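Because the structure is predicted, anything quoted here is derived from the model rather than measured. Proteins get letters first, then strands, A, B, ... in listed order; numbering begins at 1 in each.
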Amino acid sequence: MTEDLRQSLRQAAEAGEVLPVEGPEVSWEYPSEPDFGDLATPVAFALARSLRRKPRDIAELLQRCLDLDPRVVDRVEVGGAGYLNLFLTKGFWQQVVPEILRAGQRYGRSQVGVGKRAQVEFVSANPTGPLHVGHGRGAAVGDALASLLAAVGFDVEREFYINDAGTQIEMLARSVLARYRQSWGREVVFPEEGYHGEYVTDLAARLRERYGEKFVDLPEQECLPVISEFSTHLMLEEIKGDLDRFGIRFDSWFSEKALLSRWGPTDRTRLLEAARNLLGRYVYEAEGAVWLGTSAFGDDKDRVLIRANGEPTYFLSDCFYHRDKFERGFDRLIDVWGADHHGYIPRVEAALQALGHPAESFHVLLVQMVTVLRGGASVPMSKRSGEFVTLAEVVQEVGRDAARFTFLTRRSDSPLDFDLEVATAQSLENPVYYVQYGHARISSVLREAEKAGYPGPYLDAPVELLDVGEELGLLKQLALYPEVVEATALAYEPHRIPVYLQNLAGELHSYYNKYRIISADRPLSQARLALVSAIRMVLANALGLLGVAAPERM
RNA sequence: GCGCCCAUAGCUCAGUUGGAUAGAGCGCCGGACUUCGAAUCCGUAGGUCGCAGGUUCGAAUCCUGCUGGGCGCGCCA
């Protein structure tokens, strides 16, 4: 719609011979003041300089030349110092209702991503402990982003990368072994950098159930591979369970260990060969280690791929991993990372450029830290000390919908204070319930309508009867929804959806309190029922993108 | 020391590519249920958009410097 207007404005401008050779960039905004119309463009300002004329004169000239569809555009005014304000016809807004009712769940979906494959990788927690709140935020954001991209046409895959190789896994195994031996009454020194959480003791107990005293006196080197496997398997099951209860489903679980084993035993020679094959001339050896020349692509310094002891770094795995992703045919890769990993971005970007992939095809969405507050005091969190608030606890305490909405309402860029007591105590005033209540309320009205002899689906309702200010405001909100979804997806900013939802729900509640939907006036009732049905549809669609339920009763 | 992120009403936060008079929720105070759900609504109050410059017809938004806070700077992940 805006594109049509842009086109005709361009033509008008050219006809009026006021333009430079190139057509101007026509930008639109939605004025907050009704007096300024439904759509406005400051295009005259942009032309003022090159034409050396007053913006207002140009705007007036454009106004006279415009040839717009009278069914859509009611009138055009020049406002302020040179704004072109377009007033659209009521009919244009009203027709959005049958459009939504016909499209149903498809309303708000679009086509920009059609034919392109995108992958969103998120959570990707080490299986060395349960998921904490920070992972929860990443999970909510990643999942919503994936849904958004799918809504605008991308073929989307959700992937969880399992860091099941390397020193952290070994550390977990050694921690479990220590607890296990302690449970048999042995005096053992707990690993210095070991994991102290209670779950480690639980894992040791499970190990004991399964293997009895098998590992009590066995040399460490023989125990560790089995215990690693055993522990990471159990942790991963727990992680999957937590995510499932949070409503997150992954299409793909990708194992680092399996990735590395493609090159056979992970010895230095084979890894070096693989790295050379992949990254070519940017790989070099120095000081006993193997390096990648990432500084050639803007990183602060070069990075180690294979340590002097022959062990691969996490970074080498990541090079292989992202290479593999591209080989799987994705046009666009998005990694959702905790902000504490931001320093890692330049080297991965550098590696991908060394692999020959354009910078735009890869994007890291940083999600800032979550500070959990209990009674106003922050709860210190450290996986190694074992002191942290888990995702499972949060879901238990505040509920899945409220937790998701809270994670998604703020920009990923801003740190989040999550006060458990406040979230629980204020649960009835939580914005998520405000929105859900709107959905439930309409559902209730529609049930009443059924009883009153106004059955749905109102496809042919006389929507031309919708013309009070509140109704037109609602119609405009509804018409805007597809653009909101598209902009939100392409900007990777899921928080815009909760903002939109709160606005829409707010207008709905005001409207509801001022007007009656069901009355003796049959045509008017039909029209209003059609309107609220459309609102309910949009609420449900948008909540669906967030992974939040749209209840018919609360 | 270097790098990234943040700073908007008492609190928590929005503010779309730079646009017209910067918004909402919570909290305070005062109102609205014999009628479709009061988990709602209506009204009042609340601001040097951290500070200082700059770019622009126009800046909360872009640039530079500064202040304050978070995070990172390993042959850890």
Side-chain angles (χ1 to χ4, degrees), chain A residues 25 27-33 35-36 40-42 44-46 48-49 54-55 79-83 85 126 128 163 166-169 171 193 287-291 300-301 303-315 317-318 338-346 366 368-369 371 383 406 409-417 419 422 426-431 433-434 436-438 440-449 451-452 480 483-484 487-488 491 493 495-496 498-500 502-503 505-506 508-519 525 528-529 532 553-554:
Chain A
E25 268 313 299
S27 63
W28 293 106
E29 55 196 76
Y30 302 95
S32 48
E33 288 288 319
D35 289 348
F36 299 152
T41 177
F45 293 109
R49 167 173 286 194
K54 288 181 187 164
Y83 274 91
N85 295 329
N126 288 356
T128 55
N163 294 126
T167 53
Q168 296 310 314
I169 295 297
M171 191 54 70
E193 303 268 307
E287 299 164 43
V290 177
W291 300 71
D300 293 339
K301 55 182 176 182
R303 305 293 174 174
V304 171
L305 294 169
I306 306 171
R307 293 185 255 165
N309 67 7
E311 291 284 320
T313 59
Y314 179 85
F315 179 50
S317 297
D318 247 349
D340 53 341
H341 287 68
H342 72 260
Y344 200 76
I345 297 174
L366 285 181
Q368 283 289 339
M369 303 286 99
T371 306
K383 206 171 196 179
T406 302
T409 302
R410 287 166 187 76
R411 287 162 55 219
S412 306
D413 269 350
S414 337
L416 167 60
D417 285 342
D419 191 318
V422 170
Q426 294 188 340
S427 64
L428 295 186
E429 287 158 3
N430 191 307
Y433 296 107
Y434 183 78
Q436 287 182 320
Y437 182 62
R441 190 176 229 180
I442 295 173
S443 300
S444 172
V445 171
L446 294 178
R447 286 191 295 268
E448 287 301 314
K451 289 184 215 159
L480 198 56
E483 285 180 46
V484 170
T488 300
E493 291 184 359
H495 76 277
R496 294 189 199 178
V499 171
Y500 172 84
Q502 290 179 71
N503 289 336
L508 166 69
H509 289 311
S510 296
Y511 175 62
Y512 180 89
N513 276 279
K514 190 165 172 184
Y515 300 95
R516 273 197 70 82
I517 310 296
I518 303 167
S519 66
S525 298
R528 289 181 170 173
L529 285 163
V532 297
R553 288 189 169 83
M554 292 172 68

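With rounding to the nearest 0.5 Å, the separation of CG in A/L416 from CD in A/Q368 is 10.5 Å. Taken to the nearest 0.5 Å, the OG1 atom of A/T313 stands 10.5 Å off from the CD atom of A/E311.
Heavy-atom minimum distance, A/A487 versus A/R496: CB-NH1, 3.5 Å.
A/I169 is not listed as a side-chain neighbour of A/N163, based on a closest heavy-atom distance of 4.5 Å or more. Looking at heavy atoms from C-beta onward, A/R528 lies in side-chain contact with A/Y511 at the 4.5 angstrom threshold.
When the C1' atom of B/C76 is taken as reference, atom CZ of A/R303 falls 13 Å away, rounded to whole Å. Atom-to-atom, NE2 of A/H495 to P of B/G25 comes out at 18 Å; the value is rounded to the nearest Å. The interatomic distance linking A/E193 (CD) with B/C76 (C1') rounds to 9 Å, in whole Å. Rounded to whole angstrom, the span from the CG atom of A/N430 across to the P atom of B/U12 amounts to 16 Å. With rounding to whole Å, A/Y434 atom OH is found 8 Å from B/U40 atom C1'. Atom-to-atom, CZ of A/F36 to C1' of B/A20 comes out at 5 Å; the value is rounded to the nearest Å. Rounded to a whole Å, the OH atom of A/Y314 is 7 Å from the C1' atom of B/A77.
Checking B/C5, B/U40, B/G37 against the side-chain heavy atoms of A/H509 singles out B/U40 as nearest. Among the nucleotides B/A20, B/C36, B/U16, the one closest to the side chain of A/R496 is B/U16. Closest to the A/D340 side chain, of the nucleotides B/C36, B/G72, B/C41, is B/G72. Distances were taken from every side-chain heavy atom of A/W291 (C-beta onward) to each of B/A20, B/C75, B/G15; the shortest belongs to B/C75. Picking from B/A77, B/A38, B/A14 the nucleotide with the shortest atom distance to the side chain of A/Y512 gives B/A38. Which of B/A20, B/C75, B/U40 sits closest to the side chain of A/N85 comes down to B/A20.
Under the Watson-Crick or G-U wobble criterion, with both distances below 3.5 Å, B/C33 is left unpaired in every strand shown. Pairing for B/G72 goes to B/C2, judged as Watson-Crick or G-U wobble with the two contacts each under 3.5 Å. Taking a pair to require two hydrogen-bonding distances under 3.5 Å in either a Watson-Crick or a G-U wobble arrangement, B/A7 pairs with B/U67. Summarising the base pairing, B/C62 is matched to B/G54 through a Watson-Crick or G-U wobble pair whose two defining distances lie under 3.5 Å. Remark: B/A20 base-pairs with no nucleotide; criterion is Watson-Crick or G-U wobble with both hydrogen-bond distances under 3.5 Å.
Base contact: A/Y344 has a heavy atom under 4.0 Å from a base atom. Within the 4.0 angstrom heavy-atom criterion, no nucleotide atom of any strand lies near A/Y500. The residue A/A339 sits close only to the backbone: its heavy atoms come under 4.0 Å of sugar-phosphate atoms, none of a base.
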Write down the protein N/O and nucleotide N/O pairs, taken from nucleotides 6-10 of chain B, whose separation is under 3.5 Å; answer none if there are no such pairs.
unit_1, atom_1, unit_2, atom_2, d
B/C6, OP1, A/R411, NH2, 3.2
B/C6, OP1, A/D413, OD2, 3.4

Give every pair of a protein N or O atom and an N or O atom of nucleotides 28-35 of chain B that lie under 3.5 Å apart, one pair per line with the distance.
unit_1, atom_1, unit_2, atom_2, d
B/U35, O2', A/R516, NH1, 3.3
B/U35, O2, A/R516, NH1, 3.4

Quick one: which protein N/O atoms are closer than 3.5 Å to N/O atoms of nucleotides 42-44 of chain B? Pair and distance per line, please.
unit_1, atom_1, unit_2, atom_2, d
B/C42, OP1, A/S510, OG, 2.8

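Taking only side-chain nitrogens and oxygens, A/R441 comes nearer than 4.0 Å to OP1 or OP2 of B/A38. Listed pair A/H342 / B/G70 fails the phosphate criterion, with no side-chain N or O lying under 4.0 Å from OP1 or OP2. Contact annotation: A/Y433 side-chain N/O to B/A39 OP1/OP2 distance is not under 4.0 Å. Taking only side-chain nitrogens and oxygens, A/R307 comes nearer than 4.0 Å to OP1 or OP2 of B/C76.
Base orientation of B/C33: syn (glycosidic angle within 90° of 0).
A/Y437 does not qualify as a stacking partner of the B/G37 base, lacking a centre-to-centre distance under 5.5 Å together with planes within 30°. The aromatic ring of A/H341 does not sit over the base of B/G72; the criterion of centres under 5.5 Å apart with planes under 30° is not met.
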